[in-house]
Structure formats: C-alpha cells, structure tokens
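Following: one structure in structure tokens, then a few remarks.
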Amino acid sequence: MLSLKDVHASYGKAEALHGIDLAITPGEVVCLIGRNGVGKSSTMRSIVQDQISVRGGAVEFEGQSLVGMRPHDVIRLGVGYVPEDRRVFASLSVLENLKVPRPVRDVSRRTWSLDQVFELFPQLYDYRHRTAGVMSGGEQQMLSIARSLLTQPKLLLLDEPHEGLAPKVAEEVVDAIVALKAEGVSMMISEQALHTIRRCADRVYVVDRGVTVWNGTVDDFYANPEITRKYLMVQ
Amino acid sequence: MLFLIASGLTLIFGVSRIVNFAHGSLYMLGAFFTYALVPLIAPGTVGGFFASVLLAGLGVAAIGLIFEVIALRRVYGAPELMQLIITVALVLIIRDVVRWIWGPNSLSVPMPDAFMGALLIGDNYFPIFPFVIFGAGLAVMLVMVGVIRFTRAGILLRAGTDDRGMAALLGVNEKLIFSSVFAVGALLAGIAGGLAAPYGDVNYLLDTTVIVTAFIVVVIGGLGNLYGAFAAAMLVGITKALGILYFPRLSMVLIFLIMAAVLLARSLGRQGGPSR
Amino acid sequence: MATKTRTGVSALALAAVLTSAAAAEGNTVKIGYVTGLSGACSSISEDGLNGTKLAVEELNAKGGILGRQIELIVRDSQTKPDEGGKQARELVASEGVDVLTGVCSSSVLLAVEAVAAEAGVPHYAIIGSTQKANIEAFQPNFWQIQPNATMEAFAAAAYVAKKAEWKRIQPMGYDYEWGHTSVEAFTEHLKELRPDIEITDPIFVKLGDNNMGPYIAPALSTKPDAIYAAIFGGGLVNLIKQGQGFGLFERSNLVTLTTVDALQSMGSTMPKTGVYGIARAPFFALPPSEELPGFIESYRAAYNEYPTDWAVNGYDGIMIYAAAVEAAGSTGMDALMPKIYGGTFDGLRGAGLTVRAFDGQMSAPAYVGAIAFGSEFPFPTLTDVDIVPGETLMWSEDKIQALRGAAN
Amino acid sequence: MNVLPKMTPLRWGIAGALIVLLELVNRLAGVGMSLVLTEMLILALFASSLNLLMSYGHMVSFGHAAYFGLGAYGFTLAVARFDVPVELAVFIGPIVAGLGGLVFGALCVRLTEIYFAMLTLACAQITFTVLFQWYDFTGGDTGITGFMNPRFGLTEQNFMTLVLVVLVLCLFAMAWIVKSPLGLSIRSVGQDRWRAEALGLAPRRVQLTVFVIASVFAGIAGTLFAVFQGSAFPDYAGLGFTLDALIMVVLGGLNSFWGGLVGAVILVQLEHWVLMVTSHWELMLGLAVLVLVLVLPQGVVSVAGRLSNMLGLGRKK
Amino acid sequence: MKEHSLLSVRGVRKTFGQFVALNNVDFDLPAGEKHALIGPNGAGKSTFIACIAGQLPGVEGTVLFKGEEVTAAAPVDLARRGIGRTFQISRAFLDMSAMENMTSAFVIANGAWASLRRSVLANAEDSARSMLETVGLGDHAGSRVADLSLGDRKRLEFGMALANDPDLLLLDEPTAGMSIKERHHLMDLVAARIDETGKTLLFVEHDIDVVLKIATRVTVMVRGAVLAAGTPAEIAENEEVQAVYLGGHH
C-alpha cells in the first residue's frame with residue numbers, strides 16, 4: 001500500500017532523514033518508535049510532502065510516487081495526516097473544522113460521514129458549536145483525527161497522537177485509535193510510549209537518527225528487550 | 001462603503017499575505033464599468049442600477065482573477081516585495097488603460113431617479129443616496145458575513161486564514177483558495193466602486209485616493225481582520241467628519257496619527273523572540 | 001532664445017550657423033507646450049491643447065508668424081511640478097523653443113516659470129492661474145491671459161453684492177493655495193462692496209475628497225443666503241450632485257466657477273435654479289465678433305464638441321502671442337516683451353485687452369450669470385451674463401508691490 | 001550575494017570607464033541628455049539610499065520619499081526663509097532629512113516587516129500633508145520657486161558633472177559604511193535580529209542608525225533635486241517618489257549594492273525613450289515591471305552577475 | 001550551594017494561553033558545570049532556555065544570574081552580562097560568509113558595532129580567524145553560511161557565542177538534525193572549550209549518548225516541571241525517568 005525505500009529528506013540544507021525503509025499493507029497498523037528528534041515526524045512529512053523535501057529514495061502509495069506532489073494531491077489520493085501539533089483551525093467551530101475536508105465523492109473507498117465521525121467521538125458532537133481554539137488538548141486531538149477521517153483516507157498517519165496530553169485523555173485517544181483499527185483503518189502511528197503499541201500495533205519500526213534500524217511484529221519487539229534498551233531508554 | 005473596500009483588501013491580505021496596491025484600481029474599474037453599464041440596463045431605475053453595479057463587480061472580479069492567475073500566482077513563493085511590486089505594476093496598467101478607454105475627463109453616473117431627493121426631518125435634510133449606499137453596503141456585507149459564516153467556501157476561507165498549510169493537508173487546493181479570495185476581494189472593490197459612482201464624479205485618479213484610505217482602515221482594523229476593518233471604517237469615517245468640523249487643516253494628519261498610534265500600541269502587545 | 005540655442009548636432013542648427021544671424025532663429029517658431037495630459041489636470045489640459053492646435057493651424061494656413069511656420073511641441077507634465085520643470089527645461093535646452101505655455105496646475109506653472117525665467121524664454125499662462133505668478137514669483141518674461149484667482153473672486157463678489165436680498169454668505173474653497181486665495185479675495189472685496197453682508201468662516205475642502213457631505217452640512221448649518229465655492233472640476237460636480245441631497249438649492253444658492261466643461265459634465269443633473277456661475281470664457285456669452293462663429297464652427301468640426309473656456313483661452317493665447325511677435329518683428333524676449341506689455345489685443349474674449357507690465361496680468365473679463373437650461377445647447381448655460389471688465393477686478397500696482405514686500 | 005562585490009582592478013576599470021562614458025555623453029549628446037542624466041543620477045542616489053535600508057538592513061520602507069522631500073525643503077527653506085547662504089544650506093537639507101529620519105525612525109523601528117512598512121507610510125503621509133498644507137511656511141501646494149538660480153547657476157553640463165561627483169562620493173561613503181564594522185552590524189541585524197540580540201547587539205539601535213543614514217543620503221538626493229529644479233514641491237515627499245524608488249530597487253536587484261543605481265538607470269532611460277514613442281508611459285512601465293519581475297525576480301543585477309561569471313570575470317565567493 | 005550558583009531560578013512559570021509550559025520550576029546551576037536538560041517533546045526545555053535568555057514576555061518567578069536579578073532583562077543585556085547562547089534552529093547570518101559572521105560577533109563583543117574604522121574591523125577579523133580555527137572552520141572562512149553543512153553552521157554559532165567570552169553558555173539542542181559523527185565532533189569540541197576555560201554550560205539535548213558522555217549533571221523535565229536531577233549515572237538508573245521515556249505516563 002505505502003512503501004518508503006531508502007528515503008533521504010531535508011529541511012533546506014539540513015538533512016533529517018538518512019535512509020528510511022518501511023512498508024504498510026492494507027488493514028495494518030504500524031508504529032514508528034524512537035526517541036524524540038530521531039526523524040519520526042520527518043518521515044510522516046516526507047510522505048505527505050509537507051515542508052520537507054525528499055532528496056533521495058522512493059515514496060510510493062499504491063504504486064504511485066508521491067515525491068514532488070503537492071500536499072493536497074497526496075491527501076486526495078487517500079492519505080490522511082494528523083500532524084503532531086494537531087493544528088486545528090483555532091477560530092473555527094468544531095463543526096466548521098470538520099467541514100474543511102471535501103465532502104464525500106469517491107464511493108469506491110471506505111468512507112466516513114459526519115454522523116459516523118460523531119459516533120466515534122461523541123464529545124465532539126456535544127461541543128460541535130464550540131470554537132476549536134478554546135478546547136482542551138485532548139479534544140483538539142480528537143477533532144484533528146476526526147477531521148482527517150473526513151478526507152476519506154485509505155491510510156491514516158498519526159504523528160504522536162497523545163503527546164502533551166494528560167494520561168486519562170491520552171488513554172481516550174488510544175481508545176479511539178483502537179476503535180478505528182477495529183473499523184479496519186490502515187494506520188501509521190509515531191510513538192514514544194510503549195504501552196500504546198501493545199494495544200493497537202501490528203508491526204513496529206524503530207527509527208534512530210534518521211534511519212530505520214529495526215522492524216518486526218509487536219511480539220518480536222517485546223521478545224527483544226535489548227531493542228528498547230538500545231534505542232528508547234535513557235542509558 | 002469604506003468597509004467594503006477595506007474588507008476586500010483585508011481578506012486578500014489575511015489569506016495570501018499580499019499587500020494589494022491595486023485594490024484602489026479595482027475600485028475605480030468598478031466605477032467605470034458601472035458608468036458604462038448604467039445607460040444600457042433599464043436606465044434611471046433602481047433595479048437597473050443595482051444590476052449594473054453587480055455586473056460591474058463581477059467584471060472586476062473576472063479581471064482580478066485573470067491577473068491573479070497570470071501574474072500573482074507565480075510569485076507566491078517569492079519575497080513579499082515582489083508581490084507588492086507586481087500589484088503596483090497593475091495600478092499603472094489599469095490607470096493607463098482606463099484613461100485610454102474613457103478619457104481623462106471626470107464622468108458623471110446618473111443616480112436612479114428614486115434616489116435623487118432628500119428626506120426632510122424637521123429642518124434637517126438627509127440626502128437619500130448616502131443611505132442607499134450605506135444600506136447596499138450593509139446588505140453586501142451581510143451577504144459576505146453570511147457566506148463566510150455559513151458556507152463551505154467561507155469555512156475554507158477562514159481555515160486558510162488560520163493555517164493555510166493545514167488546509168492543504170486536508171486535501172484543499174491552496175491555489176484555488178488564493179484565486180477565489182483574490183476574485184472575491186476584487187468583487188467587493190468593484191461593487192464598492194460601482195455603488196459610490198453616482199454619488200461623486202468618476203475619474204481615472206480615483207485609485208490613489210481610495211487605496212491610501214483603504215490602507216489606513218485595514219491597518220487600524222488589524223491586517224487580515226474583517227470585523228476590525230468594519231470598526232475601523234466607522235472610526236475613520238467619523239474622524240474625518242469631525243476632523244473637518246473642528247480641525248479642518250489637520251483632519252488627514254489626524255487619521256495618519258491614529259494609524260501610527262494603533263500600530264505602535266499593537267506592537268507593545270506583540271513583542272517576543274523567535275518561536276523556537 | 002537666440003542666446004540659448006545649443007541643439008548641437010541637429011542639422012537645423014548647423015544650417016543656422018552657416019547662414020545668417022537673422023536665420024539663427026530657425027525656420028519655425030517653436031511653441032513649447034507643457035501641460036498635464038495625465039494626472040489631475042488632464043481633462044482641462046486636453047481642451048486647452050485643442051484650442052491651441054486650432055489656432056496654430058489657422059495661423060500656419062495664413063503663412064505663420066513673421067513668415068515662419070509655427071511648430072507646436074507638446075510635453076506631458078503628468079501634473080507634477082518636477083516633471084513639468086524637467087520637460088520645460090528640455091524644451092528650452094534641446095528644442096530651443098521660442099515661448100513656453102500650456103501649463104494647467106499652479107504648482108507646475110511656477111516650476112515652468114522658474115525654468116523660463118532662468119532661460120530668458122517668454123512664458124504665458126492660459127489655464128493655471130496662481131496669484132504667486134503675478135506677485136512674488138513674477139518675472140518680466142511672463143504674462144497671464146486669463147483672469148487670475150483674485151479677479152474671478154472679485155467678479156463673484158461684485159455679482160453677489162448686487163443681490164440685495166442676500167444677507168449672509170458662506171465661503172467655501174479647495175484646501176490649497178488657489179482655493180485659499182480665492183476665498184480671501186472674495187471675502188475682502190465683498191466686505192468693501194457690501195459692509196452689511198455677514199460672511200461666515202470659510203470651509204475648506206480636501207483636494208480629491210469625493211464625499212462632500214461632511215462639508216455641505218456644516219456649510220448649510222449657518223443658513224446662508226448663498227454659498228460661494230472656489231471649487232472646480234470633479235469636486236464641483238460632487239458638490240452640486242450631493243448638495244441636491246441636502247436641499248442646498250432649495251435652502252440656499254451657490255455661486256461658483258462654472259466653465260463650459262463643468263456645465264457639460266453636469267448636464268441634466270444640474271439644478272434648475274439656485275446656481276450662479278463665474279466663467280472665464282464661455283463661448284455662448286462671448287461678445288459677438290467676426291471670428292467667433294468661425295471659431296466655434298471649426299472647433300466643433302475638429303473635435304466634435306463645443307469649445308470650453310480652456311479651449312478659448314488656448315486659442316486666444318496663441319493669437320495674442322502671434323500679434324505681439326508680428327509687432328515686435330522678432331521672437332526674442334527683449335523685443336517681444338515691450339510689445340506684450342505695451343500692446344492692446346483683440347481676441348475672442350473682446351477687444352482692447354492689455355497686459356500690465358508690473359505683474360503680467362491681462363485685463364481679461366470675467367463672465368457671471370445664472371444657470372439656465374435652454375433649447376439651443378444640450379447642456380445648461382449661463383443667462384443674464386454680466387461681463388465684468390478685467391480692469392475693475394485687478395489689484396492696484398501699490399497693492400501688488402505691498403504684497404510683494406510682505407512676501408519677501 | 002549581499003556582500004559588496006570585491007573591486008578588482010578590472011572592475012575598477014569598468015567603473016572608471018562608465019564614469020568617463022557618462023561624462024562624455026554629458027558633454028557631447030546635447031543639453032537635453034544632460035538633463036536626463038542629471039535626473040537619473042539624483043534618482044540613482046535616492047534609490048541607492050533606499051537600497052541601503054532594504055538590502056542591508058532588510059527594512060522595507062513605503063515612505064522613503066519623506067526624507068527626499070525633507071532634504072529638498074530643508075535646503076529650500078533655509079535659503080528662501082532664513083537667508084542662509086547656499087553653500088551652507090546644502091548641508092542643512094541632509095541634516096533636516098537625518099533629523100526627520102531620527103524622529104520617525106525611532107517610532108518605526110519598534111515595528112517589524114509589514115507593520116514597519118505601514119508606519120513608514122503613515123510618517124511619510126504626515127510629512128507630505130504638512131508640506132502641502134502649511135502655506136505660510138512651506139508655500140503649500142505651489143511650493144517654493146524662484147528663490148535661487150537653479151543649479152547654482154551652473155550650466156546643465158557642469159551641473160551634471162557636479163552631481164556625478166557627489167553621487168560617486170556618496171557611493172564611496174555607502175560602500176565604506178557597508179564594509180565597516182557598522183555595516184557588519186547592520187547586516188547582522190537585517191539577517192536575524194534575534195541572533196544579533198543574543199550576541200549583545202541592540203537591534204533597534206542598529207536599525208535606527210541605518211534608517212538615519214539612509215535618510216541622510218535621501219536628503220542629499222533631495223537637496224540636489226531642489227538645486228536642480230530650483231524649487232521644492234510637496235510632491236517630492238509623496239507616494240509617487242517612494243514607489244518609483246521601490247520599483248528601481250526591485251528592478252535593479254534587491255540584495256545588491258548596485259541595485260538602486262541600475263534600477264534608476266533603467267527606469268529613467270526607459271521613460272525617456274518610451275515617451276518618444278508612445279504617450280502610454282504608465283501602461284508600458286507597468287508591463288515592463290511585470291515582465292521583469294516575473295522573468296528576473298532577482299533583478300537585473302543578477303543577470304549582470306551571471307553574465308560576468310560566464311565570461312570569467314566572476315567574483316570569488 | 002545556592003550561594004555559589006551562577007544561575008538560580010525560582011518559581012518560574014510561563015503559560016501560552018491555557019497551556020502551562022513551565023510550572024513553578026526551581027533550578028540551580030553552579031559555576032563550572034556541564035549541565036544537560038532532557039525530557040520528552042513538549043516538556044518545556046526550550047521554553048525554559050528562552051525564559052532564561054529573556055526572550056519571552058510575561059514570565060513569572062525570578063531568575064538570578066551571578067546573584068543579580070535578570071528576570072525581565074532584554075537579551076542584549078543578558079549577552080553583556082555574560083550569557084551566550086545558540087538556537088535550536090541554526091540562526092547564523094545565512095547570507096554572510098563564516099568569516100563575516102564570526103567578525104560581526106567579535107565586533108559586537110568589542111562594543112564597536114557602530115564603528116566606521118577599518119582598524120577595528122581588522123582586529124575583529126584577526127580574532128575571528130583564530131576562533132574559526134579553534135572551531136575547525138579555518139578552511140571555510142570565505143564560504144557563505146547558506147552553503148555550509150549543518151554541523152559546520154552549528155560549530156560556527158558555537159564559536160560566535162564564545163566571542164564575548166560568556167560565563168554561561170546556553171545551547172538549545174545543539175546537535176539537532178546532525179549525523180552521529182557530527183554530533184560527537186561538535187560536543188567534544190564544546191566540552192573541551194568549557195573544560196579549558198572553566199566556564200559553565202547548560203544544554204538541551206536529545207541524544208542520550210551525547211548527554212551521558214558530556215554532561216556532569218542532568219535535569220529531566222516533564223510537562224513543564226523538573227522530574228529528577230542528578231549525575232548521568234543516577235538518571236540512567238532512575239525508574240521514574242525510564243517510565244517517562246517509555247510509557248509516557250505514570
């Protein structure tokens with residue numbers, strides 16, 4: 001479905017990715033893990049062509065190269081993206097935020113309607129007339145995910161979905177992710193927190209300093225604690 | 001009236017960060033188009049007048065759109081100064097072409113007969129036409145606010161003002177937003193020019209007068225802030241009227257001083273370092 | 001100009017050097033015409049130029065001046081003084097023009113006059129009429145064939161003074177030099193003529209302000225019997241149009257400058273009563289003469305419109321210049337100026353006009369009357385026109401000298 | 001790019017040859033051309049002063065004409081109203097412009113980017129309005145004329161030579177400033193004010209300094225212009241002059257020492273020749289600007305740079 | 001110990017709207033330390049640095065430097081008092097050469113920013129040249145910064161921060177975006193300079209290897225507060241710290 005081969009990417013002159021390899025098959029949930037600053041967000045951005053430029057390697061989605069595309073065209077191909085800082089439209093209401101993505105047209109995909117999204121995130125329905133900017137971080141995160149679902153993605157990229165959230169709220173976000181997985185949504189999630197991975201991931205990629213250094217199933221990951229020690233712990 | 005012009009300018013700035021020097025020229029084009037259309041569409045009637053103004057506005061919007069696609073679109077990545085110079089070039093082009101077509105004379109657009117007179121309240125005369133302009137301006141503004149508040153186009157526009165990049169990451173074509181915003185800005189300028197045309201004279205130098213005032217309003221209201229523009233338009237209008245009464249020689253200086261003061265006052269609240 | 005010809009490489013000048021001193025003045029009489037074809041002055045400038053062209057054609061058809069053909073060299077000042085000064089300087093330096101004229105706006109006029117005076121080239125005004133050109137900036141290369149701001153204001157004051165029923169007057173003017181001069185002169189003269197009339201504080205209108213409402217309302221609040229407005233062009237159109245909304249013409253009267261172009265552009269939107277106009281040279285009210293009908297006819301044939309005041313003055317300007325040159329037998333300033341200041345001239349605007357040597361002002365008449373709609377023309381005209389002789393409108397030499405002393 | 005190009009002997013030669021060429025044209029092509037050249041050189045100085053502000057200080061002003069106008073009026077008023085001898089008054093013009101720059105600059109540097117530009121616009125409009133309306137002192141819209149012999153009474157050619165000398169001296173002074181420690185500070189703040197701040201440099205003070213310097217040079221240009229015209233008008237401080245200078249800098253090439261100069265040469269010559277062909281000068285100028293900006297967004301100087309690189313005359317990086 | 005602190009922070013609090021970025025942070029930094037700040041994204045490390053560096057308005061609490069209150073001081077003032085810093089994103093002057101960058105730092109450090117004299121420039125250039133050598137950029141003196149690699153830029157900035165011989169050096173993620181080799185190269189250089197001059201270093205760093213290698217002391221921040229502080233070894237053993245890094249929540 002999505003594959004990255006030896007991707008090198010940079011912001012201006014500063015290279016942030018030095019060789020990322022990964023692949024996702026339909027229906028799969030993949031976690032990218034690694035300490036902060038190792039290139040997880042940059043990997044996501046190099047897929048949606050946001051702010052970063054891919055200088056080498058291949059980024060393909062359903063056989064089509066994404067390199068050099070305009071972001072909105074990538075999104076329209078079916079890649080949903082929830083950026084790490086959420087970026088809700090602060091002056092718009094919740095409902096208005098949800099109306100920014102284009103209305104459903106393509107009937108060939110699994111589509112989401114507004115009602116379905118509200119079913120998934122009931123609080124959003126309760127707050128639908130609130131201004132997004134004054135909502136809590138968790139609510140904003142829900143909104144940001146809901147908004148991306150309405151771009152009717154075949155694959156959803158979630159960048160650190162519960163960064164900076166209170167534990168209880170973060171748990172709710174994870175619940176939502178699990179629910180999405182149950183709906184059969186393919187996802188790529190960047191993570192720092194191990195316990196999320198256990199709840200929803202199928203496979204794991206470990207990123208360190210701009211390079212994918214390990215990949216395997218969740219079970220393999222937990223079977224190899226030295227990976228955790230080497231790439232994630234403070235040691 | 002001032003608000004209509006300023007709102008178009010502020011919209012364009014809000015979304016595309018372009019300081020559009022040609023906005024006054026678009027206003028002027030609206031006035032000239034109206035001049036050309038009024039005799040053709042049911043002359044003298046109220047309906048004919050408004051129809052002419054609307055058509056003129058649409059014509060200006062079309063020209064704005066063409067300009068955006070041909071020229072401005074190519075320089076969105078370039079320094080702001082490039083965009084600015086390009087709009088200055090447009091000012092020169094429009095002014096010369098208008099003079100070419102309509103000549104240098106002051107032209108006069110007839111008012112619809114129904115709006116000619118005045119209301120007599122007690123001893124005071126209140127001319128009808130300014131109320132008509134105000135009413136029509138208000139109507140256009142209400143429609144605008146309606147569109148901006150309640151339609152998807154309006155939502156996209158506001159989303160674009162908030163965070164252009166994110167809108168693109170939700171599958172919205174940025175260029176389409178830019179083009180439509182520029183067209184809408186031009187439409188507003190054109191309608192404003194058309195509505196005001198019968199009240200004063202129409203000549204090819206309207207552009208400069210209008211643009212400076214529009215800048216003042218937009219700056220006082222806060223660049224990119226629609227409601228601010230409305231409040232500022234009122235403030236400037238009232239200041240001008242009062243200034244004429246009490247400090248006839250200083251009214252313009254007064255307005256620029258307000259502008260300077262607003263800018264400086266705002267800067268006090270906006271200090272700080274780099275974001276990271 | 002002979003002393004200043006430095007055209008260098010042009011064949012013309014070469015020929016001149018090779019032949020005689022008499023021919024050094026060139027084969028043509030060159031008229032340098034600097035006018036605001038673009039910018040605020042453009043409509044007036046075009047009319048003035050049309051009149052001038054007509055006169056040049058007529059003279060050339062008759063053999064020119066002193067047997068030399070006239071060459072009209074037109075430059076656009078863009079109604080900017082620096083640009084006007086530059087164009088004038090180039091005309092003098094590269095073209096070696098014999099005379100400069102055509103300027104519309106006051107500031108450009110002064111800039112051009114500065115150049116002309118320095119270069120020793122005669123210069124006359126046909127449109128721009130600032131007091132300064134007669135007073136502090138006056139140089140003996142200059143004359144002005146149209147009534148200046150003071151004279152028009154005096155004419156207006158004289159007219160107002162005759163309206164015995166008017167007791168209170170509100171003056172109004174453009175907020176720049178000309179407007180202020182006009183309002184002051186009007187007030188001063190009216191006070192002399194009718195000490196009983198109350199003249200309220202003047203109101204000044206910002207140049208280029210389209211919205212007259214904020215000025216009209218306070219002007220009417222003093223309940224004047226008439227408003228004197230030193231306002232022209234687009235501003236006047238605005239004043240009259242917007243004034244109707246305030247009931248200006250039911251509640252009061254308006255005395256203002258109404259040149260033919262203003263009457264034309266107002267057309268049917270001009271109120272039927274209550275407007276009194278001062279004109280500089282309205283073709284329909286000019287004294288009957290041999291040339292007048294022919295002029296109007298050929299003007300209409302050439303430009304498909306009636307000649308405006310500016311056109312008449314453009315035409316008269318050239319004719320007066322031609323007459324003076326013929327009398328002097330030379331285009332040189334030393335020979336010409338005594339004939340200008342000493343001669344009497346006949347023009348479309350009347351016979352026996354003279355130019356005063358100490359301020360270069362021609363005793364041009366002013367025309368004042370009430371606006372009326374007739375069937376003869378497709379636009380309103382003036383009726384019962386008083387032709388006020390220029391002599392009665394001009395400040396005395398003493399007064400001019402006193403003003404000069406004060407200015408310096 | 002931003003660095004002042006190093007003056008190799010070859011470049012000195014080219015510069016010298018250009019100056020000689022200008023002087024030759026001045027002497028041989030007739031008085032009309034001398035006048036065009038004089039105007040061109042004065043505007044080149046004015047545009048260069050704006051360029052100093054924009055290319056090195058990275059401050060975009062919408063009101064630079066204010067200081068041109070203040071220079072012209074400072075000189076003119078000193079002569080006409082206070083009977084200051086002309087020789088002394090020529091220094092008063094730039095000083096007045098510098099003081100104006102100090103007062104307005106102190107306000108403007110509190111803001112950045114577009115807000116800075118808008119405030120400079122407001123300041124310039126205030127200047128213009130005051131010049132336009134204060135009849136008793138400034139002569140209002142009809143300005144001040146006839147107070148002296150234009151060009152100090154010099155012939156057109158000699159005056160052009162004088163302006164050329166002043167321009168060259170001013171360019172030397174500007175180059176000196178750019179290369180000095182002060183120039184380094186100016187460029188530092190222009191590039192990144194926070195970085196400069198962290199190094200211990202107060203950005204506003206530097207910005208104010210460059211603002212005043214640019215004002216003084218604009219004032220010198222304004223003074224020369226007043227001498228050239230023998231008059232001063234409020235237009236000198238108007239939006240038109242500002243926009244002309246902006247167009248010149250952008251056309252010539254932002255971020256280049258020669259941008260303003262080249263832009264002035266192009267604009268003035270373009271106007272001179274276009275007006276001989278058509279009266280639609282504004283249309284032609286608008287189209288020319290449009291095309292140039294779209295085709296050469298780096299300005300004309302960049303082409304010259306590329307050409308000279310191709311020809312092996314290139315600067316060393 | 002507190003009496004000897006070069007930098008002493010008490011109850012610093014900073015909010016952005018409703019978001020509390022720093023919540024009553026107390027912090028002491030004795031002279032001579034090489035102190036690392038670590039923590040997950042959004043922990044407030046950069047905000048903390050910015051607060052000390054005087055770049056944020058509306059900071060509550062007090063910051064003492066050399067015993068003097070500098071809470072509301074402007075960055076310029078801090079620089080003159082002896083705080084040097086680099087930024088997370090490279091903020092060298094891109095359109096100027098490395099030499100010019102370094103020279104400007106010395107011109108400013110010498111208080112000669114407004115000088116017009118060539119001799120002042122020449123002096124600064126001499127100092128700049130030797131500093132460029134020190135940070136290993138001697139060969140790149142004439143290169144535009146925009147053409148330098150990230151690692152070279154960071155070394156340049158480090159050198160620039162040293163120009164006025166600061167007592168405290170603040171480095172905000174000095175190695176972000178660099179390759180492993182470059183990181184160690186840079187931080188070895190930094191550590192060597194600090195040891196040589198006896199000055200004090202406070203730095204934010206993600207690369208744990210680097211932190212463990214360089215730092216003499218480490219503070220861990222989480223959600224705007226200090227979670228733990230200690231020697232690198234202590235921190236590596238601290239279970240709470242591990243939990244933060246691995247589980248995110250506790």
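Note on naming: letters A, B, ... go to the chains in the order of the sequence lines (proteins, then strands), and numbering restarts at 1 for each one.
- No other option in D:Val249, D:Leu285, D:Ile114, D:Leu251 has as many heavy-atom pairs under 4.5 Å with chain B as D:Ile114.
- Aromatic rings of D:Phe62 and B:Phe21 (six-membered ring for Trp) have centroids within the 6.0 Å cut-off, being under it.
- Proximity to chain B is limited to the side chain of D:Leu239, based on heavy atoms less than 4.5 angstrom apart.
- At a cut-off of 3.5 Å, with distance as the only test, no side-chain donor of D:Thr120 or D:His64 sits close to an acceptor on the other residue.
- In this pair, D:Phe211 and D:Tyr67 present their aromatic rings perpendicular. The plane angle is above 60°, beyond the 30 to 60° band.
- The environment of D:Arg81 atom CZ is dense: over 12 non-hydrogen atoms of other residues, nucleotides or ligands sit within 6.0 angstrom.
- Using a 4.5 Å cut-off between heavy atoms, B:Ile255 does not touch chain D at all.
- With a 4.5 Å cut-off on non-hydrogen atoms, D:Leu243 touches chain B through its side chain but not through its backbone.
- Neither the backbone nor the side chain of B:Val91 comes within contact range of chain D; no heavy atom of the residue lies under 4.5 Å from a heavy atom of that chain.
- Comparing D:Val289, D:Leu294, D:Ile247, D:Val60 by heavy-atom pairs within less than 4.5 Å of chain B, the highest count is held by D:Leu294.
- Note: D:Tyr73 and D:Phe233 fail the aromatic proximity criterion, with ring centroids not under 6.0 Å apart.
- Of all the listed residues (D:Cys123, D:Ala117, D:Ala122, D:Cys108), the one sharing the greatest number of non-hydrogen pairs under 4.5 Å with chain B is D:Ala122.
- Using cut-offs of 30° and 60° for the angle between ring planes, the B:Phe32 and B:Tyr35 rings count as perpendicular.
- Between chain B and the residues D:Arg195, D:Arg193, D:Gln125, D:Glu197, the most heavy-atom pairs under 4.5 angstrom are made by D:Gln125.
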